[in-house]
Asks: 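Structure provided below as structure tokens; questions to follow.
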Number of protein chains: 2
Amino acid sequence: MRQRAFGQYCGLARALEVVGERWALLIVRDLLVRPRRYTDLHEGLPGIPTNVLSTRLKELERAGVVERRLLPAPDRAVVYALTEDGRALDEAVLLLARWGAARLDEPRPGEIVTPDSLVMALRSTFRREAAAGVSVTWELRADGVVLYARVANGELHTGVGPAPEKPDLVIAMAPTGPPPLRALMSGELSPQAAVADGLVQLAGRPKLLTTFVQLFRI
Amino acid sequence: MRQRAFGQYCGLARALEVVGERWALLIVRDLLVRPRRYTDLHEGLPGIPTNVLSTRLKELERAGVVERRLLPAPDRAVVYALTEDGRALDEAVLLLARWGAARLDEPRPGEIVTPDSLVMALRSTFRREAAAGVSVTWELRADGVVLYARVANGELHTGVGPAPEKPDLVIAMAPTGPPPLRALMSGELSPQAAVADGLVQLAGRPKLLTTFVQLFRI
DNA sequence: CCGAATCCGCAGTGATACTG
DNA sequence: CAGTATCACTGCGGATTCGG
């Protein structure tokens with residue numbers, strides 16, 4: 001269970017010894033969105049072997065990145081959450097995700113989209129400099145995934161599930177979600193074309209789709 | 001040679017498929033400092049098996065992150081360099097390195113320090129907001145490693161080897177380099193104590209050590 | 001059902017030797 | 001110098017099983 005070292009006294013090497021193992025940063029990504037139970041994590045990480053998930057969680061816990069919380073009765077559920085140290089990975093993960101998002105082309109057969117990865121997609125492509133004076137709540141729906149994004153005071157707040165308050169605009173993706181979203185965010189597809197082609201169905205003020213495209217941009 | 005996929009349509013997953021394999025980001029780290037030859041890379045990555053280095057370079061090349069350049073005669077040397085896409089990893093790598101640097105404590109037995117990792121250490125801990133009005137060149141020496149850092153116009157320029165122009169301050173670390181540097185950068189050790197204890201020998205204007213400590217900070 | 005532990009086949013890694 | 005070749009080993013993927 002001891003982590004393989006890189007033999008260098010170096011910050012990057014240390015970081016990779018902790019979060020460089022396979023699946024580790026994806027676990028962190030999900031936990032950055034919200035604390036999750038073992039089964040939730042397993043569900044959000046397609047194909048991760050249960051022994052690997054279990055091993056990673058223990059390693060991350062021992063490294064002080066993840067905390068194992070036992071919820072009180074009657075739930076008695078186990079919940080994994082990031083420590084403060086773990087949350088400090090936020091920026092680095094966002095930048096890596098942003099770099100990777102720029103290389104996303106078509107989804108490969110069998111690839112899924114999870115709520116957590118969509119939240120990361122929004123957060124990693126949010127352009128703060130375009131958010132001045134904007135105050136809007138969006139709700140995004142795709143493939144049974146529902147999440148929301150609220151921009152106010154130059155800050156972005158995101159979450160999984162329906163928007164806590166009535167959204168100004170609901171964006172429903174069709175037929176299978178994220179590719180049209182990615183096309184919008186990368187500028188390959190104009191908002192008008194997206195609506196005209198039926199890839200996006202709007203509920204609410206139509207001009208806010210353009211605002212969305214200006215704010216979230218690969 | 002096929003890269004194992006994560007089964008998610010997600011920027012982070014894509015990024016990790018490219019640079020998430022073992023040793024990959026450390027190779028990128030070295031190439032972010034300067035193009036390197038195969039043997040240089042092998043030297044700067046303690047213990048990397050040659051077949052793994054070779055495999056990673058091919059994978060990174062195929063992914064468009066690394067470029068293999070054949071220098072013209074008479075050298076005929078092979079040099080690996082980052083593509084523009086590869087250089088775009090800079091910020092993400094710096095942030096990961098910064099996160100890891102905060103968890104560096106004592107060096108472990110046998111761990112080495114390379115010029116490239118020291119350059120990354122400086123770049124990842126540079127606090128731009130403290131650099132206004134500063135215009136200084138430092139030269140750092142430790143264990144035969146020599147590098148320089150120049151701060152001017154709020155920007156940091158670093159390089160391996162002696163400073164191109166006469167440095168304002170030469171900092172020589174003793175007896176074995178980086179731990180005193182890390183102690184300085186983390187605030188565990190005051191500049192005065194570092195000099196008094198003989199961990200740092202100065203050549204130049206002594207007050208610039210304090211400036212250094214203010215500029216490079218974990 | 002949740003939260004794993006266990007087992008097995010195999011691919012990726014580590015160490016060393018070797019070559020154009 | 002710039003890699004390939006070989007081989008032992010270990011971590012991963014996949015499936016099943018198990019206790020609370």
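Every value quoted in this text rests on a predicted model; they were computed, and no experiment measured them. No hydrogens, no waters, no symmetry mates; every other heavy atom, side chains included, goes into these values.
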Asks: Measure CG/A:L45 against P/D:dG14 and give the value in whole Å, please.
Replies: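 Going from CG in A:L45 over to P in D:dG14 covers 14 Å.
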Asks: For B:T50, which contact category applies under a 4.0 Å heavy-atom criterion: base, sugar-phosphate, or nothing?
Replies: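 Contact class for B:T50: base.
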Asks: Select one nucleotide: of C:dA4, D:dG3, D:dG13, the one nearest the side-chain heavy atoms of B:Y80.
Replies: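 Taking heavy atoms from C-beta onward, the closest nucleotide is D:dG3.
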Asks: Whole-Å distance between D:dA2 P and B:H42 NE2?
Replies: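 From B:H42 NE2 to D:dA2 P: 12 Å.
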Asks: Choose from C:dG14, C:dA4, D:dT4 the nucleotide whose nearest atom is closest to any side-chain atom of A:R4.
Replies: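 Among C:dG14, C:dA4, D:dT4, the one nearest the side chain of A:R4 is C:dG14.
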Asks: What is the separation between atom CG on A:L70 and atom P on C:dG3, rounded to the nearest whole Å?
Replies: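 About 10 Å, once rounded to whole Å.
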Asks: If you only use heavy atoms from C-beta on, which nucleotide in D:dA2, D:dG13, C:dG3 is closest to the side chain of A:V52?
Replies: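 Ranking D:dA2, D:dG13, C:dG3 by closest atom to the A:V52 side chain puts D:dG13 first.
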Asks: Take the protein atom CZ of B:R69 and the nucleotide atom P of D:dA2, then report the distance between them rounded to whole Å.
Replies: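 So the CZ-P distance, B:R69 to D:dA2, works out to 15 Å.
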Asks: With a 4.0 Å limit, can you tell me whether B:R22 has a side-chain N or O closer than that to the phosphate oxygens OP1/OP2 of D:dG11?
Replies: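 Negative; the distance criterion is not met.
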Asks: In whole angstrom, give the distance that lies between atom CG of B:L53 and atom P of C:dG12.
Replies: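 One finds 17 Å between P of C:dG12 and CG of B:L53, rounded.
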Asks: Within the 4.0 Å heavy-atom criterion, would you say B:R76 contacts the bases, only the backbone, or no part of the nucleic acid?
Replies: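 No contact.
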Asks: Assuming nearest nucleotide by heavy-atom distance, tell me which of B:F6 and B:D40 is located more 5' along DNA chain D.
Replies: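 Here B:D40 is the residue nearer the 5' end.
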Asks: If you only use heavy atoms from C-beta on, which nucleotide in C:dA4, C:dA15, D:dG14 is closest to the side chain of A:N51?
Replies: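 Within the option list, the nearest is D:dG14.
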Asks: Taking atom C1' of C:dG12 as reference, at what distance in whole Å does atom CD of B:E17 sit?
Replies: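 Between C1' of C:dG12 and CD of B:E17: 16 Å.
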Asks: Identify whether the distance between the nearest side-chain nitrogen and carboxylate oxygen of B:E21 and B:R4 falls below 4.0 Å.
Replies: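 The answer is yes: the pair qualifies as a salt bridge.
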Asks: Is any side-chain N of the basic residue among A:R62 and A:E59 closer than 4.0 Å to the acidic one's carboxylate O?
Replies: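 The answer is no: the pair does not qualify as a salt bridge.
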Asks: Under 4.0 Å between a Lys/Arg side-chain N and an Asp/Glu carboxylate O for A:R182 and A:E106?
Replies: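 Salt bridge absent between A:R182 and A:E106.
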Asks: Please pick, from C:dG14, D:dA2, C:dG12, the nucleotide with the shortest atom-to-atom distance to any side-chain atom of B:E21.
Replies: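 Comparing C:dG14, D:dA2, C:dG12 against the side chain of B:E21, the answer is C:dG12.
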Asks: Between A:W23 and D:dG13, is there a contact of a side-chain N or O with OP1 or OP2 at under 4.0 Å?
Replies: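 For D:dG13, OP1/OP2 do have a side-chain N/O of A:W23 under 4.0 Å.
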Asks: If you look at every heavy atom in B:Q8 and B:A13, which pair is closest and at what distance?
Replies: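 In terms of heavy atoms, the two residues are closest at O-CB, 4.0 Å.
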Asks: Counting only side-chain nitrogens and oxygens, does A:R68 get under 4.0 Å of the OP1 or OP2 atom of C:dA4?
Replies: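 Yes, because at least one side-chain N or O of A:R68 sits under 4.0 Å from OP1 or OP2 of C:dA4.
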Asks: Whole-Å distance between D:dA2 P and B:K58 NZ?
Replies: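 Value for this atom pair: 15 Å.
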Asks: Less than 4.0 Å between a side-chain N and a carboxylate O, is that true for A:R108 and B:E17?
Replies: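 Answer for the salt bridge query: yes.
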Asks: The side chain of B:R37 is closest to which nucleotide in this list: C:dA5, D:dC1, D:dG13?
Replies: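 So the side chain of B:R37 is nearest to D:dC1.
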Asks: Starting from C1' on D:dC1, measure out to CD on B:E43 and report it in whole angstrom.
Replies: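 In whole Å, D:dC1 C1' and B:E43 CD are 12 Å from each other.
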